[in-house]
Amino acid sequence: MAFIPPHRYSGLLPSLPGVRYHHPSRGRRGCKRPSCPRPDKQEDTHKSSLYAVATTYEKPIGKMVDFGKWPSFTLLSPQEVESIRQACVFGTCANEVIYTTDDDEVYAFGQNCSNCLGTGDNQSSMTPRRLDALCGKKITGISYGSGPHVLVCTDDGKLYAWGHNGYNQLGNGNTVQGTVPVRISVDAMKKRVTQVACGSHHSMVLTTDGEVYTWGYNNCGQIGSGTTTNQPVPRRVSTPLHNKVIVSIAAGPTCSMAITDYGQVFGWGYNGTGQLGVGGTGNQLIPCKVVFVQPVCIVQIVCGYSHTMALTDQGYLYSWGANSNGQLGIGNKSNQLSPIKVETHERIVEIAACHSSHTSAAKSQRGQVYMWGLCRGQIILSPHLTNFTCTDDVFACFSNPPVMWRQLSIEPKNFLTVAESLKREFDREETSDLRFRVEGKDIYVHKAVLKIR
């Protein structure tokens, strides 16, 4: 089960079909950042005044995702493609694939650079090979580096890693390449992992209690330890995050970003083109707060190769960092050392970038998908409206290499939208809590905070 602080609902849920949300405690200038209960105090969530209006009952896309947009999937039979529930395409040439099936089997195929497929050897494979160590584990998150190395977390909070390990990025205390997925200890295995993020050669995880752990290459301070010494095992990022609850993380090639439960953003590591958004270009060895011109509450952050983008709970998009390829979307090629608002003329509900490319994308509340930056060799300086239905398609068709910016998840055919789930659960008199799924996680909301029309 995932706990989402009340003030973050409206930032997470508008992108889901058939539901729009309003939080009356917010003005038009940003959230008031009310004090949010920690995950172990969920009973307090009914104190927030959240209203949900279910306006339509659209059907989910289900299995309609076109994997054919990624060339690697043409190697699979139609039956194999139909069975895919989660997938990730990665690698220098986007020629390595890991995917899970409807019955939680895990397979990999491709070039297998640095043993990144986790098959136990360094042999490439044009046909899927089963990863026994992960089968039945119910993967909830996957991320990859440039080596590449791979991190995976499961629904029971366990962390697995394999692949390139020349800089301790696997977190197992040595620099020997990992040929198969092995479990990694986070604070003597007392911590449960909910999110993973990989830089080029460093790693980050977020735990259920809102703590961030990092390890691996630290030449620019991307570990956040206050030094530039490599970190061989997971280490908690404390100063100045020791009294903060982190709700989301992201990693650039050599920098790290985190969002607190109050919607604040912190960044550390390499800052040569201003990708940390702290107003200068000096590297930061410990987390530094990103300062926006006006008060905002950030709900999503993504890192490109040398730029960063953030989404507010009001649907505004900000970007900063390198801009030689127009990846900031501000109509010019000037780098920005601090966050600058991107004009989109409509509410944005999702942003996308990948640390292996200079491509940026966003999706609006109306379902329109925009792209900008370096798109198949063409520089686009401002958000360009496409005919795509999801941001994933932008990276499949216009990114170089055409890797996935996130793990692509396909909901089963019997999946209900949030609107359908809310209506069905609300009609059940014996229940006091509503449960639905967001990005593969269970969300519980007390009926007392909802009004359904």
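The basis for the numbers below is simple: all heavy atoms, side chains too, and nothing from hydrogens, waters or symmetry mates.
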Thr386/Tyr370 under side-chain contact (heavy atoms from CB on, under 4.5 Å): CA gap, chis, key distance, verdict: CA-CA 6 Å; Thr386 72; Tyr370 296 84; 5.9 Å; no
Working for salt bridge (charged side-chain N to carboxylate O under 4.0 Å, His left out), residues Asp209 and Lys191: CA-CA 8 Å; Asp209 47 9; Lys191 301 294 183 178; 2.8 Å; yes
Derivation of the side-chain hydrogen bond (donor to acceptor under 3.5 Å, both in side chains) call for Glu350 and Thr391: CA-CA 8 Å; Glu350 181 180 83; Thr391 55; 2.8 Å; yes
side-chain contact (heavy atoms from CB on, under 4.5 Å) between Val245 and Thr260, worked out: CA-CA 5 Å; Val245 176; Thr260 73; over 6 Å; no
side-chain hydrogen bond (donor to acceptor under 3.5 Å, both in side chains) assessment of His149 paired with Ser114: CA-CA 8 Å; His149 71 288; Ser114 300; over 6 Å; no
Derivation of the side-chain contact (heavy atoms from CB on, under 4.5 Å) call for Leu328 and Trp372: CA-CA 8 Å; Leu328 299 187; Trp372 61 96; 5.7 Å; no
side-chain contact (heavy atoms from CB on, under 4.5 Å) between Cys113 and Glu96, intermediate numbers included: CA-CA 8 Å; Cys113 181; Glu96 277 130 355; 3.4 Å; yes
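Side-chain contact, His202 with Thr254: no donor N or O sits under 3.5 Å from an acceptor N or O.
Between the side chain of Ser125 and the backbone N or O of Gly110 there is no donor-acceptor pair closer than 3.5 Å. A donor-acceptor pair is defined here as one N or O able to donate and one able to accept, closer than 3.5 Å; such a pair exists between the side chain of Lys363 and the backbone of Thr389. Thr100 places no side-chain N or O within donor-acceptor distance of the main-chain N or O of Asp104, the cut-off being under 3.5 Å. For the pair Gln222 (side chain) and Cys220 (backbone), a donor-acceptor distance under 3.5 Å is present. A donor-acceptor contact shorter than 3.5 Å links the side chain of Asn271 to the backbone of Gly280. When atom types are taken as modelled, the side chain of Arg376 and the backbone of Cys397 share a donor-acceptor pair closer than 3.5 angstrom. The backbone N or O of Ile351 sits less than 3.5 Å from a side-chain atom of Gln300, completing a donor-acceptor pair. The backbone N or O of Gln111 sits nowhere less than 3.5 Å from a side-chain atom of Asn95 that would complete a donor-acceptor pair. At least one donor-acceptor pair under 3.5 Å links the side chain of Gln284 to the backbone N or O of Gly282. Counting only distance, with no hydrogens or angles, the side chain of Thr214 and the backbone of Ile223 share a donor-acceptor pair below 3.5 Å.
At a threshold of 4.5 Å between non-hydrogen side-chain atoms, the residues Trp405 and Thr359 do not count as touching. Put simply, the side chain of Thr101 does not reach to within 4.5 Å of the side chain of Ile84, judged on heavy atoms. Here the side chains of Ile340 and Ser319 are in contact, with some heavy-atom distance below 4.5 Å. A 4.5 Å side-chain heavy-atom check between Ile139 and Gln407 finds at least one atom pair inside the cut-off. Asn112 has its side chain within reach of Asp121: a pair of non-hydrogen atoms, C-beta onward, lies under 4.5 Å apart. Within the 4.5 Å cutoff, no side-chain heavy atoms of Pro234 are placed close to those of Val205. Residues Leu75 and Thr127 form no side-chain contact, since every pair of their non-hydrogen atoms from C-beta on lies 4.5 Å or further apart. Inter-residue side-chain proximity for Gln169 and Cys198 is flagged as unmet; no heavy-atom pair is nearer than 4.5 Å.
Across all their heavy atoms, Met204 and Leu151 have their closest contact at O-CD1, 4.1 Å. Contact between Val403 and Cys354 at its shortest, heavy atoms only, is CG2-SG, 3.5 Å. A pairwise comparison of heavy atoms in Val176 and Leu170 identifies O-CD1, 4.2 Å as the closest pair. Considering all non-hydrogen atoms of both residues, Lys289 and Val278 come closest at O-CG1, 4.0 Å. Considering all non-hydrogen atoms of both residues, Thr227 and Leu285 come closest at O-CD2, 4.1 Å. Nearest approach of Cys88 to Ile142, heavy atoms of both residues: CB-CG2, 4.0 Å.
Between Tyr217 and Tyr167, the two ring planes are tilted [angle within 30° to 60°]. Ring geometry for Tyr107 versus Tyr99: interplanar angle under 30°, hence parallel rather than tilted (30 to 60°). Relative ring orientation between Phe67 and Trp70 is described as tilted, the plane-to-plane angle lying within the 30° to 60° band.
Looking at Arg192 and Asp187, no side-chain N of the basic residue comes within less than 4.0 Å of a carboxylate O on the acidic one, giving no salt bridge. Ion pairing between a basic and an acidic side chain is recognised when a charged N comes within 4.0 Å of a carboxylate O; Asp156 and Lys138 show no such pairing.
Considering CZ of Arg129 and CG of Asp132, their distance stands at 10.5 Å, rounded to 0.5 Å. Residue Met126 holds its CE atom at 8.5 Å from OG of Ser72, rounded to the nearest 0.5 Å. Annotation: the span from His307 atom NE2 to Gln275 atom CD amounts to 10.5 Å, rounded to 0.5 Å. For the atom pair CD of Gln86 and CD1 of Ile98, the computed distance is 11.5 Å after rounding to the nearest 0.5 Å. A distance of 11.5 Å separates OG in Ser324 from CG in Asn332, rounded to the nearest 0.5 Å. Rounding to the nearest 0.5 Å places CG of Asp103 at 7.5 Å from OG of Ser83.
For the pairing with Asn165, the side-chain hydrogen bond (donor to acceptor under 3.5 Å, both in side chains) check across Thr175, Asn172, Asn115 returns one residue only, Asn172. In summary, of the residues considered (Ile298, Ile249, Val299), a side chain to side chain contact (heavy atoms under 4.5 Å, CB included) with Ile259 occurs for Ile298 alone.
A 6.0 Å sphere centred on CG of Asn387 holds no more than 12 heavy atoms belonging to other residues, nucleotides or ligands.
Within the 6.0 Å centre-distance limit, the rings of His358 and Tyr305 are counted as a close aromatic pair.
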